[in-house]
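Report on the following structure.
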Amino acid sequence: MGKALIIGAGGVAGVVAHKCCQNPEAFEEICIASRTLEKCEALKKKLEGGPTKIHTARVDADNTETVIDLIKSFGPEIVINVALPYQDLSIMDACLATGVHYVDTANYEPPEKAKFEYKWQWAYRERYEKAHITALLGSGFDPGVTGVFSAYAQKHYFDEIHTIDILDANAGDHGYPFATNFNPEINIREITANGSYYQDGKVIETKPLEIKRVYDFPEIGPKNIYLLHHEEIESLAVNIKGVKRIRFWMTFSDNYLNHLRALQDVGMTSIKPIDFEGKKIVPLRFLKAVLPDPASLGPRTKGKTNIGCIFQGVKDGKPGKYYVYNVCDHQECYKEVGSQAISYTTGVPAMIGAMLIMKGIWKKRGVHNIEEFDPDPFMEALNKYGLPWKEDFSPELPD
Ligand code: NDP
């Protein structure tokens with residue numbers, strides 16, 4: 001009992017492993033696995049010495065059979081997928097074949113097309129139900145905590161939620177001219193794609209970064225925010241009944257956007273393979289290789305993040321507003337687990353989601369987004385495991 005297989009050994013996986021080790025009552029044994037055994041070994045070395053027993057393994061999660069073999073030999077109750085979105089389906093297949101629960105933090109995206117959607121993972125619903133196992137989709141911060149915040153607002157403060165604005169601010173400074181704070185390939189694919197928001201049953205597309213506002217964030221101050229397409233818009237539109245509009249906003253500095261534009265203009269963000277010295281290379285993958293590794297930003301990043309949701313709706317016939325958010329300090333995260341706040345705010349919720357399923361507190365079988373579960377134990381765990389949240393009942397809204 002109490003065994004979790006963590007697939008991935010990057011920034012987020014490092015935090016998940018740290019947090020599992022801080023919680024040995026739930027995680028008696030973990031196995032950290034990725035294609036590069038040395039990365040898993042290095043993590044193990046940092047964490048050894050506590051009550052949680054740590055194993056490592058080499059696995060290529062694109063190959064379902066090898067994941068099945070690893071699950072069979074280690075015998076976990078749950079797989080925490082913190083590799084890349086490309087591996088979601090092969091890992092879900094392996095969990096189905098072995099009867100093991102599944103958790104991830106990002107929805108499936110085919111490598112050859114920058115288009116992430118839930119339809120591929122939702123297609124597993126019936127098979128997971130029949131196998132009496134749970135797939136918890138999107139247990140990071142956004143998606144993840146943003147879905148839990150939505151379920152919490154729905155449960156405690158509204159009869160009907162009419163609008164949701166998700167606001168993601170990173171006021172951290174790493175001192176590099178340009179770097180992304182999580183996997184550069186996934187990050188740049190997300191930002192350079194068209195934006196979108198949900199309005200009255202329809203998804204409305206915008207050009208990339210077309211809609212810009214300024215928002216004065218608690219504990220951070222005023223920042224430029226840009227409307228992006230983000231995966232939780234799709235699931236919240238289905239799961240928060242009666243919602244009329246959902247928007248997702250993220251902060252970017254002018255410096256970041258100027259670099260990104262230049263890279264785009266010269267074709268460096270393209271995901272179409274090109275011929276280079278007799279080989280096919282994907283420019284964005286090459287760019288990832290020359291950019292700073294997000295895991296290396298930890299010691300350099302100073303400042304805070306603020307991620308939260310503003311809801312408008314009605315309760316007992318009266319209109320109301322509710323803002324719930326978390327503020328996280330990059331340096332504090334680094335002191336605690338050796339990572340910056342972006343990996344931290346993703347890794348802590350991944351551990352919490354896995355813990356609630358392992359302990360049987362969250363029992364729904366099938367494939368579910370996080371807002372479909374009871375938010376209360378998750379909200380309590382956020383306070384306990386390093387992501388305390390704050391509330392405001394009269395926030396300003398981005399207009
Ligand atoms: P990193 O690039 O730092 O790490 C990715 C890890 O995945 C690496 O350790 C890599 O190791 C491993 N990996 C890649 N391909 C495979 C494979 N085929 N088989 C096994 N392992 C593989 O990324 P992050 O840690 O920054 O991000 C991890 C995930 O978290 C991503 O899916 C990202 O989208 C998501 N995320 C979610 C957020 C949220 O709030 N919901 C926010 C930020 C990130 P190796 O090369 O050794 O195989």
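Order of listing sets the numbers, starting from 1, for every ligand and every atom in it.
- When each of Y152, W362, F373 is checked for a ring pair (Phe, Tyr, Trp, His ring centres under 6.0 Å) with F378, only W362 meets the rule.
- H230 and F248 have parallel rings, their planes meeting at less than 30° on a 0 to 90° scale where 60° marks the start of perpendicular.
- Between Y322 and the choices F393, W389, F149, the ring pair (Phe, Tyr, Trp, His ring centres under 6.0 Å) rule is met once, by F393.
- The side-chain tip of K3 points at the ring of F74 from less than 6.0 angstrom away and within 45° of straight on.
- Residues R189 and E109 are paired through a salt bridge, judged by an N-O separation under 4.0 Å between the basic side chain and the carboxylate.
- For ligand 1, the protein residues within 4.0 angstrom (heavy atoms only) are G8, A9, G10, G11, V12, S34, R35, T36, K39, V59, D60, A61, D62, V82, A83, L84, P85, Q87, T105, A106, G140, F141, D142, P143, F182, N183, I186, T346.
- Each side-chain hydrogen bond (donor to acceptor under 3.5 Å, both in side chains) pair with one or both residues in residues 4-21, not counting sequence neighbours, appears once here: K19-Q22, K19-E336, K19-Y344.
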